[in-house]
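Everything below concerns the one structure shown next.
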Amino acid sequence: MSQDTEQRKPARKKVELDPKLAAYKGVWVFVEHERGHVHPVSWELMGEGRKLADKLGVELAGIVMGAPGEETRQFCSEAIRFGADLCYLMEDVILKDYRNEPFTKGLTDLVNTYQPEILLIGATTLGRDLAGSVATTLKTGLTADCTELAIDLENRSLAATRPTFGGSLLCTIVTLNYRPQMATVRPRVMAMASYDDTRTGRTIEHPLGMIEDMIITKVLEYIPDNLQGKPQLAFADIIVSGGRGLKKPENFQLIWDLAKVLGAEVGATRPVVQAGWVEADRQVGQSGKTVRPKLYIAAGISGAIQHRVGMEDSDVIIAINSDPNAPIFDFATYGIVGNAMVILPALTEAFRQHLSTVKLAG
Amino acid sequence: MHIVVCIKQVPDSAQIRVHPVTNTIMRQGVPAIVNPYDLYSLEEALRIKDQYGGRVTVLSMGPPQAETALRKAISFGADDAILVTDRAFAGSDTLATSYALASAIRQIEKDIPVDMVFAGKQTIDGDTAQVGPGIAKRLDMLLLTYVSKIRDIDLENKTITVERRAEGGVQVLKTKLPCLVTVLEGTNEMRFATMTNMFRAARHPLKVWDKEKAGIEDVTKIGLKGSPTIVSKVFAPTPKSVRAEIIDTESNQPKDLAVTLLAKLFTKKPDLAKDIAKNAS
Ligand SMILES: Cc1cc2nc3c(=O)[nH]c(=O)nc-3n(C[C@H](O)[C@H](O)[C@H](O)COP(=O)(O)OP(=O)(O)OC[C@H]3O[C@@H](n4cnc5c(N)ncnc54)[C@H](O)[C@@H]3O)c2cc1C
Ligand SMILES: Nc1ncnc2c1ncn2[C@@H]1O[C@H](COP(=O)(O)O)[C@@H](O)[C@H]1O
């Protein structure tokens, strides 16, 4: 990713790829897992990787690295059911917990051995640590936090689009003379791949080739987060969010009331978080969480681009805003122009009644 | 302890405006600040210096104006500052930037060995979080990213123990110096500049290095030439074509609006009621 996006260079079209680089074939998705679970971002990337591989007419592979005894083989078959044609599996006790040294060495070796043209990694804390290290070791290009991936068929290159300058602009980045082309994508930006349990594919095992003594960094302890009572916005089906239009922290209770009736998570805009009305974990947007619920209700939210990028992929967006010209109405599904302080209670009541009839009928 | 802290001067993105016609960034009048994430690293480095003694050198690559960011860092307590500036660096992506910064750090090391390098979690303009890991790989240093707490440094055995934010939990990691650390936001709060340090900052003779002084051996690895990634297009997000359907009723009473909205919603998404019932129960 260019540090200086203003430096606008003409896209060099039709570059003759070095024959050594032209040998790089196939699309790879790094399958991230921790404590027995694959991070959903990996399956989101698998769906995206499938499209890229089809466009290029090449195979899609999942990369699973972990310790024997973990569910690594199961993850390989899941990867295939989520769309991969094959899996590369690297098993070693050293890979039990994530550490930069062995994972960088392992993934770099895999790339050098099997030569993929594209490598996708989730932009999680693990993924960013790994992607930056692997790209530098391989001396190739890496585009971070992409929101869109496409293939430019003219030179078989990956066109990776990402927000820049605080989200006010987008830029498309290509890596022409280097392979593999690497990109990271944040969780929930892409749709989940569909699961097909009839799919089968092969698994290729490759050794890590390290012994524990070679690794300097040791994991002394792992303290799992206490998720009890912590907001789980990223995977919520329904989210009710409030913005500065609610005016006072007391009024935010109206958001909680509606959320309770819907069994929804509560979200917020940055100013609301900064004012301390709700905890930082609830911020939706560019510097907060990306969400894609089935229903997103936005009350007193203007719809600034930095908020929009975090929630515009919701199935249905309902916006309540007193200003008929608020930008949120440019992309919401339904809008109510009015005072959130009176619309919210009415909506809560209407949902309550509707749901009681559903329950009776069900 | 000798600690190098990499800081970048960035435009205050909260104040950036995009030109409505040309889609270019209007930088004029936008104040330049020290990348906010780098301040957590700087403060952490200063705390280590307070506790274990030693020096903190701040390093920045950028245009001559980036001097301001370095002087700011001195006013907080950094001992020395180096600005790497050369037209040849223009257009550097993260791979080229990490090459340039790593080679500058090697030059710094010729005077005093470096025990730790700090980088910010990410910048607010580049926003990639790649330069830190990149420098570590190029210097063959151990890498600790997303550090939320430095538990202990053992100067005798040259080891460091930290807490690192991982997915779903915190890893407690122990490794050897020299290492590169990126610090999680909110880890600490930047101290106030003292009067003495503010005076020092104003007078301090900055070291300004061009590409030769920064020890760049291979000019094909910096600037546009050294950057694998190419920005092919910059554009404004396309506005969605469909505007919201505004709910309207004769009375426009809140209750009627709500009921009308729900009728439309559940006609469009009949399964939604089941999802809600499942969550709400
Ligand atoms: C680098 C950067 C990152 C950012 N990251 C994020 C992010 O992650 N998430 C985020 O949300 N923001 C982010 N922002 C901030 C963002 O630009 C906006 O400032 C913010 O989203 C606006 O929040 P808001 O809609 O609550 O407030 P406002 O923009 O003030 O909007 C309030 C809205 O409420 C309406 N209103 C007023 N009274 C009522 C009423 N009685 N009933 C109904 N409606 C009413 C108004 O018409 C207005 O549209 C970021 C900014 C920058 C520069
Ligand atoms: N030009 C630069 N000069 C000094 N440090 C930099 C520069 N660019 C990036 N960094 C460091 O690398 C970190 C990550 O940057 P980025 O990869 O752009 O998100 C920053 O927080 C800085 O500590």
With heavy-atom distances below 4.5 Å as the criterion, would you say the side chains of B:V117 and B:I105 are in contact?
yes
Counting only non-hydrogen atoms closer than 4.5 Å, does B:K264 touch chain A with its backbone (N, CA, C, O), its side chain (CB onward), both, or neither?
both
Interatomic spacing from OG1 in B:T182 to CG in B:L144 - rounded to 0.5 Å
8.5 Å
Contacting region of B:Q122 [heavy-atom separation from chain A under 4.5 Å]
side chain
Should we say atom NZ of A:K139 is surrounded by more than 12 heavy atoms from elsewhere, each under 6.0 Å from it?
yes
Among side-chain atoms of A:N100 and A:S133, is any donor-acceptor pair under 3.5 angstrom?
yes
Which of A:K294, A:H39, A:R35, A:K218 touches chain B most, by non-hydrogen pairs under 4.5 Å
A:K218
Part of B:L261 lying under 4.5 Å from any heavy atom of chain A:
side chain
Side-chain donor-acceptor pair under 3.5 Å between B:R164 and B:S148, yes or no?
no
Verify the distance criterion only: is there a donor paired with an acceptor across the side chains of A:E32 and A:S42 at less than 3.5 Å?
no
I need the residue from B:A263, B:A136, B:G169 with the largest number of non-hydrogen atom pairs under 4.5 Å to chain A.
B:G169
Part of A:I320 lying under 4.5 Å from any heavy atom of chain B
neither
Let me know if A:H37 has heavy atoms under 4.5 Å from chain B in its side chain, its backbone, both or neither.
neither
Less than 4.5 Å to any heavy atom of chain A: does that hold for the side chain of B:L265, its backbone, both, or neither?
both
Out of B:N252, B:I246, B:D256, which one racks up the most heavy-atom pairs below 4.5 Å with chain A?
B:I246
Under 4.5 Å to a heavy atom of chain B? For A:V261 that would be backbone
If we define contacts as heavy-atom pairs under 4.5 Å, which of A:L344, A:I238, A:T217, A:I318 has the most with chain B?
A:T217
Chain B contacts, top residue of A:G132, A:G263, A:G335 (heavy-atom pairs, under 4.5 Å):
A:G335
Does any heavy atom of chain B fall under 4.5 Å from the side chain of A:T161, the backbone, both, or neither of them?
side chain
Sort by residue number and list every member of residues 268-275 of chain B having a non-hydrogen atom under 4.5 Å from chain A.
B:K268, B:K269, B:L272, B:A273, B:D275
Using non-hydrogen atoms and a 4.5 Å limit, figure out which bit of B:I247 sits close to chain A: side chain, backbone, both or neither.
both
For the interface with chain A, which of B:V259, B:I135, B:L142, B:L257 has the highest count of heavy-atom pairs at distances below 4.5 Å?
B:L142
In chain order, what residues pass the side chain to side chain donor-acceptor pair (under 3.5 Å) check against A:T140, with sequence neighbours excluded?
none
No-hydrogen, no-angle side-chain donor-acceptor test under 3.5 Å, A:N155 and A:S157
yes
Pair B:R165 + A:D129: basic N to acidic O under 4.0 Å
no
In sequence, state the C-alpha distance, the side-chain angles, and the governing distance for B:R151 and A:E221, and then conclude on salt bridge (charged side-chain N to carboxylate O under 4.0 Å, His left out).
CA-CA 13 Å; B:R151 278 199 179 174; A:E221 207 185 328; 3.7 Å; yes
Honestly, the part of B:Y99 sitting under 4.5 Å from a heavy atom of chain A is neither
Note, A:S287 side chain near A:R270 side chain (heavy atom, < 4.5 Å):
yes
Given A:Y334, A:Y98, A:F329, the one with more heavy-atom pairs under 4.5 angstrom with chain B than any other is A:Y334
Counting only non-hydrogen atoms closer than 4.5 Å, does A:L347 touch chain B with its backbone (N, CA, C, O), its side chain (CB onward), both, or neither?
both
Would you call B:D125 and B:K8 a salt bridge, taking side-chain N to carboxylate O under 4.0 Å as the test?
yes
Do NZ/NE/NH1/NH2 and the carboxylate oxygens of A:D330 and A:R308 come within less than 4.0 Å?
no
Quick one: what part of B:L262 sits under 4.5 Å from any heavy atom of chain A, side chain, backbone, both or neither?
side chain
By a 4.5 Å heavy-atom criterion (distance strictly below it), what part of A:P345 contacts chain B: side chain, backbone, both, or neither?
neither
Report which part of A:T104 has an atom under 4.5 Å of a heavy atom belonging to chain B: side chain, backbone, both, or neither.
side chain
With a 4.5 Å cut-off on side-chain heavy atoms, are B:E185 and B:K121 touching?
yes
Both conditions, 6.0 Å and 45 degrees, for the charged tip of A:R128 above the ring of B:Y146: are they met here?
no
Heavy-atom side-chain proximity of A:L142 to B:Q130 below 4.5 angstrom
yes
Of the listed B:A166, B:A96, B:G168, the one with the largest count of heavy-atom pairs under 4.5 Å with chain A is B:G168
Go through the atoms of A:Y178 and report whether side chain, backbone, both or neither lie under 4.5 Å from a heavy atom of chain B.
side chain
Min side-chain heavy-atom separation B:S98-A:T136 under 4.5 Å
yes
Pairs of heavy atoms under 4.5 Å with chain B: top-ranked of A:T184, A:I343, A:I216, A:T348
A:I216
Does any backbone or side-chain atom of A:V342 lie under 4.5 Å from a heavy atom of chain B? Answer side chain, backbone, both or neither.
both
With side chains defined as the heavy atoms from C-beta onward, is the minimum distance between A:L262 and A:K260 less than 4.5 Å?
no
Using non-hydrogen atoms and a 4.5 Å limit, figure out which bit of A:Q353 sits close to chain B: side chain, backbone, both or neither.
neither
Of the listed residues (A:L220, A:I215, A:T137), which shares the most heavy-atom pairs with chain B below a 4.5 Å separation?
A:L220
Counting heavy-atom pairs under 4.5 angstrom with chain A, the leader among B:K221, B:Q253, B:K176, B:R138 is B:R138
Less than 4.5 Å to any heavy atom of chain A: does that hold for the side chain of B:K137, its backbone, both, or neither?
side chain
Could you tell me if the side chain of B:D152 sits less than 4.5 Å from the side chain of B:I160, heavy atoms only?
no
What part of A:E34 gets closer than 4.5 Å to chain B, counting heavy atoms only: side chain, backbone, both or neither?
side chain
Between B:L143, B:V172, B:T260, B:T175, which shows the greatest number of heavy-atom pairs under 4.5 Å with chain A?
B:V172
Side chain to side chain donor-acceptor pair (under 3.5 Å) assessment of B:N35 paired with B:T123
CA-CA 6 Å; B:N35 177 39; B:T123 52; 5.3 Å; no
Compare all side-chain heavy atoms of B:V84 with those of B:F89 and state whether any distance is below 4.5 angstrom.
yes
Contacting region of B:T161 [heavy-atom separation from chain A under 4.5 Å]:
side chain
Between A:E349 and B:K255 (salt bridge meaning N to carboxylate O under 4.0 Å), is one present in this structure?
no
Check whether A:A159 gets within reach of chain B through its side chain, its backbone, both or neither, counting any heavy atom under 4.5 Å.
neither
